There are 2 protein chains.
Amino acid sequence: MSRPTLASLASELAVSRQTISNVLNAPHRVKPATRERVQAAIAAAGYRPSAAARQLRTQRSMNLGMRLLPATDGINGAILDRFLHALTEAAQSAGYRLTLFCAESDEEEIRQYEQLLDVAGLDGFILTSSTPDDARTRWLHARGTAFAVFGRPWDSAGQPVAADHPWVDVDGAAGTEGSVKMLLAQGHTRIGFLGWHTGSPVGNDRRLGWKRAMSAAGYGQDLVTLNVEAEDTVAGGAAGTAVLASRGATAMVCSSDSLALGAMGQLRESRPGAFLRGGGPAGPDGQAAVVGFDDTPVAAALGLSSVAQPVEEAARHVIRVLTHELDGSGASLLSRGEGPERQLLLAPRVVERIPLPLAAP
Amino acid sequence: MSRPTLASLASELAVSRQTISNVLNAPHRVKPATRERVQAAIAAAGYRPSAAARQLRTQRSMNLGMRLLPATDGINGAILDRFLHALTEAAQSAGYRLTLFCAESDEEEIRQYEQLLDVAGLDGFILTSSTPDDARTRWLHARGTAFAVFGRPWDSAGQPVAADHPWVDVDGAAGTEGSVKMLLAQGHTRIGFLGWHTGSPVGNDRRLGWKRAMSAAGYGQDLVTLNVEAEDTVAGGAAGTAVLASRGATAMVCSSDSLALGAMGQLRESRPGAFLRGGGPAGPDGQAAVVGFDDTPVAAALGLSSVAQPVEEAARHVIRVLTHELDGSGASLLSRGEGPERQLLLAPRVVERIPLPLAAP
DNA sequence: TTGTATGCGTTATCAA
DNA sequence: TTGATAACGCATACAA
């Protein structure tokens, strides 16, 4: 009653192991009659090839690795759930398994790569963030290991840079640009930007979209006074909003939902009635408006407008391009047709919401 | 420049492969002199045994599997991040890798078990929830596969039941009981319970704690009127709270942060000033209080009191008991001493917070 | 179209 | 204490 193997099946069917192997890996090379007979026996016996034996022979594990970053904020990190699920699902239907690991730092991440490569023979890695002048992508490239990144490559100055490895990212600037346009349509003119004080490339990108849209609308002279940087927390958002409000801002575009949450709270406190218009988007007639980023569950729960990243689509594409790299190298002789985009910038979507009427009329 | 193997190392050192293998797996069986010489060579060459070859030989993959549930709510599901990270970390330091997979249903989950067992040779599984009369645990038990569950076993009627498989859970009743005690200490007497309408064992357990504490405090006669069931959403929480408030409740204990969020919003709207006392916990003098469950990031962000589950500890213990089951079977001859608790009920912690002053004075 | 022989890298068994 | 041999389950080159 133990699990069937190639050998046990072969003797049972009175054919060679090779024939069964061919039925599985090169069906066209075997006569239809025997092929069907073998296939029936495979199904009946519930035979499944052993991945370990196969890996030993082919040097491929059909296994992808990904580092699980520690859950930081919890508000902003809420995106990971969806990304990870879509990633697992996509990998699974592409015939790959997904192995998770932890690392305290990028240096340790590299050491983990090395170990997982040597010990488990992982075929490739998914990186869920990119840093300026990323040592990890350099290492992987030098080692000749396949990988794909969720995040654009940045040079050491934090500027976008060309790279020849596969990556997928979301166009943050387009997101904040869309937020500004939405607020302009609501009648706002003094629209502030509440960003991070870290100077991260991602944050700069989001600020850039705000600048572009404001300039295009003719409010370029406000770019200095209406730009505020704060710590990426609810408290930081409240503090930054106090400054922006004192400079006359009636609406703010934020780099994160944490900041936006703080902004809403601060406005509710300092300007009673700021969100009274439960019936629809508020105008500049004493009304306020806030747009967050990432469209976390918190935003949805509180009626906070936010920029939604297509993380599921990003995850699917990461798998698509990575598996194409892994599977395609051999088949590239046959299908020299184009594969999936090796580099892809996805457009986010601004989700407009009506703030929950959390204050009494 | 290819990776060293047992054979290459052996010829280089002029010893047999077996000796090197022994140095790794049974160091006491090799003479100290040669042992050290081999160990030095291993370190110098950066040799690491191949998991695939090892698995082929030992029939153990050092690999654990876990189904990734689709991110449902996003508010309540926010716990998964922390659980998964702790799980990965614990597995890693126990020498195991973690493989993720997806399934649409519990039946498909079982089919995935079967496939992952046959193909990848996983050593065991972690289940992240338990259902009444769980078919998955029955299947795994029948198959003789090791597993551990985050969640108590329930019989088909949703009552706690004994089972001999390892599990870890958090005592929900103790959590709501603690919530009630906190509210009593604040001066509240009419404390409502806002629970799920699904009749899930987990929900019943949480309701039970409220009942126990209320009865103990002498408010047993209110158990019927102050118990409300609603859909597990923010809107459901608001609706349920309207009912509870109309029955005179000044405080509510909720089965989730989603419900609690809805409760806060509803109270803010219907009772201006309900949370005015920003300076400290509110009393029954016109003040309101809400306690959620799970201590999600949303609760922390909004100053919502909530019951915090020790998910990291739960994850670590799940790995502890599962790896003990896997590793310990052989060593049980030597160390017949007690291992980790095979069944463990962890106590949650009530986190008391001051609501953010989101309404104007 | 099918079968035979060999090796992937490791550990277990046994003999020296 | 160490070494030779076989076997884990599969796929590839080559022969029939």
Side-chain angles (χ1 to χ4, degrees), chain A residues 2-39 41-42 45-63 95 115 117-123 327 330, chain B residues 2-39 41-42 45-63 95 115-123 330:
Chain A
S2 83
R3 213 158 75 69
T5 71
L6 225 40
S8 73
L9 256 193
S11 68
E12 189 178 320
L13 283 172
V15 295
S16 73
R17 298 176 308 191
Q18 178 60 23
T19 298
I20 304 181
S21 180
N22 278 338
V23 169
L24 259 36
N25 303 316
H28 60 279
R29 312 209 60 164
V30 66
K31 184 165 63 180
T34 47
R35 186 202 307 159
E36 282 164 25
R37 194 165 65 94
V38 170
Q39 278 166 341
I42 287 175
Y47 167 73
R48 294 184 226 267
S50 147
R54 202 167 238 185
Q55 176 183 349
L56 202 56
R57 192 53 240 234
T58 62
Q59 306 290 26
R60 299 209 33 211
S61 63
M62 300 304 282
N63 218 303
Q115 177 175 324
L117 247 19
D118 285 355
V119 173
L122 296 197
D123 292 335
D327 302 337
Chain B
S2 81
R3 213 158 76 69
T5 70
L6 226 40
S8 73
L9 256 193
S11 69
E12 190 178 318
L13 282 172
V15 295
S16 72
R17 296 175 307 193
Q18 182 58 27
T19 298
I20 304 181
S21 178
N22 280 337
V23 169
L24 259 34
N25 304 315
H28 61 279
R29 313 207 60 165
V30 66
K31 185 166 63 181
T34 47
R35 186 202 307 159
E36 282 164 25
R37 195 165 64 95
V38 170
Q39 277 166 341
I42 286 175
Y47 166 75
R48 294 185 227 267
S50 148
R54 203 168 239 186
Q55 177 182 348
L56 200 57
R57 193 55 242 228
T58 62
Q59 308 289 25
R60 299 210 34 211
S61 63
M62 300 305 280
N63 219 302
Q115 178 175 326
L116 287 166
L117 246 19
D118 284 355
V119 173
L122 295 198
D123 293 336

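Quick caveat, the model's predicted, so the values are computed rather than measured. Chain naming here is simple, since letters A, B, ... match the order of the sequence lines and numbering starts at 1 in each.
- Put simply, the side chain of A:Ser8 never gets that close to the backbone of A:Pro4: no donor and acceptor are under 3.5 Å apart.
- Mapping heavy-atom proximity under 4.0 Å, the span of DNA chain C touched by chain B runs 5' to 3' from C:dG9 to C:dT13.
- For the segment residues 45-61 of chain A, the set of residues with a heavy atom within less than 4.0 Å of an atom of DNA chain C comprises A:Leu56, A:Arg57, A:Gln59, in numerical order.
- Side-chain atoms of A:Gln55 come within 3.5 Å of backbone atoms of A:Ala120 as a donor-acceptor pair (strictly under, hydrogens ignored).
- Counting non-hydrogen atoms of other residues, nucleotides and ligands closer than 6.0 Å to CZ of B:Arg29 gives a total of 12 or fewer.
- Across every non-hydrogen atom of A:Pro49 and A:Arg54, the tightest pair is CG-NH2, 3.6 Å.
- Between B:Leu117 and B:Leu122, the closest heavy-atom pair is CD1-O, 3.3 Å.
- Pairing each heavy atom of B:Ala10 with each of B:Ser16, the nearest pair is CB-C, 3.8 Å.
- For B:Gly46 against A:Asp118, the heavy-atom pair with the smallest separation is O-OD2, 4.4 Å.
- A donor-acceptor pair under 3.5 Å links the side-chain atoms of B:Arg3 to the main chain of B:Arg48, judged by distance alone.
- A donor-acceptor contact shorter than 3.5 Å links the side chain of A:Asp123 to the backbone of A:Ser61.
- Read 5' to 3', the first and last nucleotides of DNA chain D with an atom closer than 4.0 Å to a heavy atom of chain B are D:dT1 to D:dG9.
- By the side chain to side chain donor-acceptor pair (under 3.5 Å) test, A:Arg57 is found to be paired with no residue, residues two or more places apart in sequence or in another chain being considered.
- Under the rule for a side chain to side chain donor-acceptor pair (under 3.5 Å), B:Gln115 has no partner lying at least two apart in sequence or in another chain.
- For the segment residues 22-39 of chain A, the set of residues with a heavy atom within less than 4.0 Å of an atom of DNA chain D comprises A:Asn25, in numerical order.
- By the 4.5 Å heavy-atom criterion applied to side chains, B:Leu24 and B:Ile42 are counted as neighbours.
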